[in-house]
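Note that these values count all heavy atoms, side chains included, but never hydrogens, waters or copies made by symmetry.
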Amino acid sequence: MADSEIRDVFVAGLRNAHAMENQALSIMKPQLKRIENYPEVAEKLDRHIRETDRQIVRLEEILDGLDEDKSTLKDMVLSFTGSAAALGHAVAGDEILKNAFANFAFENYEAAAYKSLLAIAEAGGYGTATTGLQANRSEELAMAEWISGNLVALTTKFLSLRQSGDTAKV
């Protein structure tokens, strides 16, 4: 593959990642506003929202270094679909659990996207991008691990709240 083709794939992947992170924000922010009975989840989600903001900045810095812009259209479309997904869980009686499942899947999806971008960066000789991409990937993997490590406790708390008649939904 020619260097220009690798660059095109890399830029497209960076733009996709930028849009993906905006989608993540549009999923997490509505969740955070609705959490009442799960302060540990709210705290972690709030921290990850701030991490995601930094991830977006890292991606913009990489794109700027390549003299490329983000894709506003991709950002808008994926933000809209993220908001729709978050709204879909809001009507479920087990919203907190559905959100945890979806967040776990999405964090792993994001980590996979960064793993691929790191491989493209290596193939194209974009070594200056690897630090930011690796930082983003590490944060996504850490969030996925946190969700995985807390899923049993979250489910148990959900069941306990529901059994006692308290709001178990969020």
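- Rounded to the nearest 0.5 Å, atoms CZ (Phe158) and CG (Asp94) are 5.0 Å apart.
- Salt bridge absent: Arg7 and Asp3 never bring a charged side-chain N and a carboxylate O closer than 4.0 Å.
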Practice item. Step by step, work out the side chain to side chain contact (heavy atoms under 4.5 Å, CB included) result for Tyr109 and Met20. Key: CA-CA 10 Å; Tyr109 173 84; Met20 172 186 72; 3.7 Å; yes
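- Linking Ile, Leu, Val, Met, Phe, Trp and Tyr whenever their side-chain heavy atoms come within less than 4.5 Å leaves Val57 and Ile49 in two separate clusters.
- Of all heavy-atom pairs spanning Gly13 and Leu117, the tightest one is C-CD2, 3.6 Å.
- Distance check, rounded to the nearest 0.5 Å: CG of Asn150 to CD of Glu145 gives 9.5 Å.
- Ser164 contributes a side-chain N or O that, together with a main-chain N or O of Leu161, makes up a donor-acceptor pair within less than 3.5 Å.
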Exercise for review: Give the C-alpha distance, both sets of side-chain angles, the deciding distance and a yes or no for side chain to side chain contact (heavy atoms under 4.5 Å, CB included) between Gln23 and Phe106.
Suggested key: CA-CA 10 Å; Gln23 181 181 27; Phe106 200 78; 3.5 Å; yes
Result block: side-chain N/O donor-acceptor pairs under 3.5 angstrom for residues 129-137, not counting sequence neighbours:
from	atom 1	to	atom 2	distance (Å)
Thr130	OG1	Gly127	O	2.8
Gln134	NE2	Ser138	OG	3.4
Asn136	OD1	Arg58	NH1	2.5
Asn136	ND2	Gln55	O	3.4
Asn136	ND2	Tyr114	OH	3.2

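- Summarising the geometry, atom CZ belonging to Arg15 is positioned 11.0 Å from atom NE2 belonging to His18; distances are rounded to the nearest 0.5 Å.
- The cluster map of Ile, Leu, Val, Met, Phe, Trp and Tyr, joined by side-chain heavy atoms under 4.5 Å apart, puts Phe104 and Leu151 in the same cluster.
- Using a 4.0 Å cut-off between charged side-chain N and carboxylate O, Glu110 and Lys115 make no salt bridge.
- How far CG of Leu25 is from CG of Leu32: 11.5 Å, rounded to the nearest 0.5 Å.
- Proximity of a side-chain donor or acceptor of Asp46 to a complementary backbone N or O of Ala42 within less than 3.5 Å is not detected.
- Applying the side-chain contact (heavy atoms from CB on, under 4.5 Å) criterion to Glu40, with sequence neighbours excluded, gives Tyr38, Lys157.
- At least one side-chain heavy atom of Val11 sits under 4.5 Å from a side-chain heavy atom of Leu66.
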Practice item. Would you check, one step at a time, whether the test side chain to side chain contact (heavy atoms under 4.5 Å, CB included) holds for Ser26 with Asn22? Key: CA-CA 6 Å; Ser26 72; Asn22 278 290; over 6 Å; no
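- A distance of 12.5 Å separates CG of Leu141 from CE of Met143, quoted to the nearest 0.5 Å.
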Practice item. Take Glu107 and His48 through the side-chain hydrogen bond (donor to acceptor under 3.5 Å, both in side chains) test and state the conclusion after the steps. Key: CA-CA 11 Å; Glu107 296 303 327; His48 194 57; 3.0 Å; yes
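- Residues Lys98 and Glu95 form no side-chain contact, since every pair of their non-hydrogen atoms from C-beta on lies 4.5 Å or further apart.
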**Study point:** Verdict with reasoning, Glu68 to Leu14, per side chain to side chain contact (heavy atoms under 4.5 Å, CB included)
**Key:** CA-CA 10 Å; Glu68 297 286 347; Leu14 291 167; over 6 Å; no
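- With rounding to the nearest 0.5 angstrom, the CD1 atom of Ile6 is 7.5 Å from the OH atom of Tyr126.
- Sorted by first and then second residue, the salt bridge (Lys or Arg N to Asp or Glu O under 4.0 Å) pairs with a member in residues 18-33 form an empty list; sequence neighbours excluded.
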Practice item. With side-chain hydrogen bond (donor to acceptor under 3.5 Å, both in side chains) as the test, would you mind laying out the steps for Glu140 and Asn108 before giving the verdict? Key: CA-CA 7 Å; Glu140 302 303 358; Asn108 280 288; over 6 Å; no
